[in-house]
Amino acid sequence: MSQFWSPSVRNLSPYVPGEQPQIDNLIKLNTNEHPMGPSPRVLEAIRAATTDRLRLYPDPEATQLKNAIAKRYGLTPEQVFVGNGSDDVLNLAFFTFFRQARPLLLSDLTYGFYPVYAELHGIRTHVVPVDDEFRIQPDDYLGQAHPKAGGIIIANPNAPTGIALDLSEIERIVAGNPDVVVLVDEAYVDFGGQSAVALLDRYPNLLVSHTLSKSRSLAGLRVGYALGSAELIQGLEIVKNSTNSYPLDQLAQVGATAAIEDDAYFEAACQAVIQTREWLTDQLQALGFEVLPSSANFVFARHPEHDGAALAGWLRERAILVRHFKRDRIDQFLRITVGTSAQCQSLINALKACVRP
Ligand SMILES: *Cc1c(COP(=O)(O)O)cnc(C)c1O
């Protein structure tokens with residue numbers, strides 16, 4: 001802490017991402033990256049754009065990318081906002097929509113960045129607990145259940161549980177809160193969730209965010225986007241253009257465009273992860289783990305006889321990284337990213353040596 005920092009910075013507690021250690025032969029199942037590389041067309045497009053033209057500023061509107069995203073979802077480019085990873089998009093959305101007199105509603109068990117943005121922007125929050133099965137209950141987000149909301153943020157599928165609400169449940173929340181923005185963070189939706197994009201033409205208060213970091217295998221490129229009514233997107237553009245005109249560099253724009261346009265590769269890559277997830281779930285259950293039903297590219301699992309932190313430590317000693325959260329209610333769980341079949345097999349082998357009596 002320094003006297004030179006603005007007062008509001010002195011008490012911030014920043015988000016801590018999963019570690020990215022530079023160790024060879026590490027089996028890295030801790031930050032939900034895709035185990036396959038991006039579409040070869042992405043690499044080709046980035047290579048082709050690696051020229052002298054990098055001396056020029058990129059297109060501040062990312063027109064090509066917005067057009068590609070709009071086309072893929074049957075929307076207009078005015079309904080698309082792009083940012084430097086969906087964390088950037090979420091940050092701008094919190095600033096644009098949630099600095100209200102009334103509190104933002106969010107789950108007690110969800111993406112750890114949401115309370116950080118709220119604190120950064122001085123947004124009051126009202127925390128809604130998930131139920132005993134770690135599920136979000138839509139009724140808890142309807143008018144009578146809480147102080148009137150200034151906004152709602154929901155991750156669907158949720159992190160770190162992987163549990164998804166179905167479309168009708170999301171719709172009840174969106175329809176039940178017509179006066180405020182409902183932001184649905186669909187970082188993991190491509191692994192088996194139902195997207196709220198289907199609701200966009202009926203609800204001007206709905207904003208959906210996506211990332212290319214997970215299902216498009218591009219965590220290193222930093223591209224995310226939001227889809228919503230032109231009215232919401234315009235608000236985001238004003239705030240973006242008040243902070244950084246060029247959040248997406250030239251290479252990110254062409255790479256992301258190629259990724260969005262290669263649906264065949266994307267579908268196959270998602271299916272591979274889903275298949276491995278089902279195998280991994282069966283294997284963990286056979287070892288006595290309780291595994292929450294996942295619609296994401298990770299599973300959230302605990303063992304009745306083995307401490308979560310101890311298991312994570314055991315795996316770490318064998319060069320396998322998983323994520324463990326030292327938080328109330330979930331400190332016995334491991335969040336395990338679905339890797340390649342071989343990586344998941346190694347994980348199971350390591351666990352067998354530990355949990356078998
Ligand atoms: C990974 C993740 C993000 C962030 O994605 P980036 O685009 O890499 O910034 C956002 N929300 C949730 C729930 C995530 O798990």
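Residue indices begin at 1 and follow the sequence shown. Atoms within a ligand are numbered from 1 in the order they appear, just like the ligands themselves. The structure displayed is predicted, hence computed values, not measured ones.
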Cation-pi geometry met for R99 and F95 (6.0 Å, 45°) = yes

Criterion side chain to side chain donor-acceptor pair (under 3.5 Å) on K28 and Q343, from CA distance to verdict | CA-CA 9 Å; K28 194 173 172 303; Q343 289 175 323; over 6 Å; no

Measure the acute angle between the ring planes of Y117 and F113, then classify it against the limits of 30° and 60° as parallel, tilted or perpendicular.
-> parallel

Please state whether the rings of F191 and Y188 are parallel, tilted or perpendicular, taking 30° and 60° as the class boundaries.
-> tilted

Would you name the heavy atoms of S294 and A296 that are closest together and state the gap between them?
-> OG-N, 3.0 Å

Whether over 12 other heavy atoms sit under 6.0 Å from N11 CG | no

I'd like the atom pairs linking ligand 1 to the protein - N or O on both sides, separation under 3.5 Å - with distances to 0.1 Å.
unit_1: ligand 1; atom_1: 5 (O); unit_2: S86; atom_2: OG; d: 3.0
unit_1: ligand 1; atom_1: 7 (O); unit_2: S86; atom_2: N; d: 2.6
unit_1: ligand 1; atom_1: 7 (O); unit_2: S86; atom_2: OG; d: 3.0
unit_1: ligand 1; atom_1: 7 (O); unit_2: T211; atom_2: OG1; d: 2.5
unit_1: ligand 1; atom_1: 7 (O); unit_2: S213; atom_2: OG; d: 3.3
unit_1: ligand 1; atom_1: 8 (O); unit_2: S213; atom_2: OG; d: 2.6
unit_1: ligand 1; atom_1: 8 (O); unit_2: R222; atom_2: NH1; d: 2.8
unit_1: ligand 1; atom_1: 8 (O); unit_2: R222; atom_2: NH2; d: 3.4
unit_1: ligand 1; atom_1: 9 (O); unit_2: S86; atom_2: N; d: 3.3
unit_1: ligand 1; atom_1: 9 (O); unit_2: D87; atom_2: N; d: 3.0
unit_1: ligand 1; atom_1: 9 (O); unit_2: D87; atom_2: OD2; d: 3.1
unit_1: ligand 1; atom_1: 9 (O); unit_2: R222; atom_2: NH2; d: 2.8
unit_1: ligand 1; atom_1: 11 (N); unit_2: D185; atom_2: OD1; d: 3.4
unit_1: ligand 1; atom_1: 11 (N); unit_2: D185; atom_2: OD2; d: 2.7
unit_1: ligand 1; atom_1: 15 (O); unit_2: Y188; atom_2: OH; d: 2.5
unit_1: ligand 1; atom_1: 15 (O); unit_2: K214; atom_2: NZ; d: 3.0

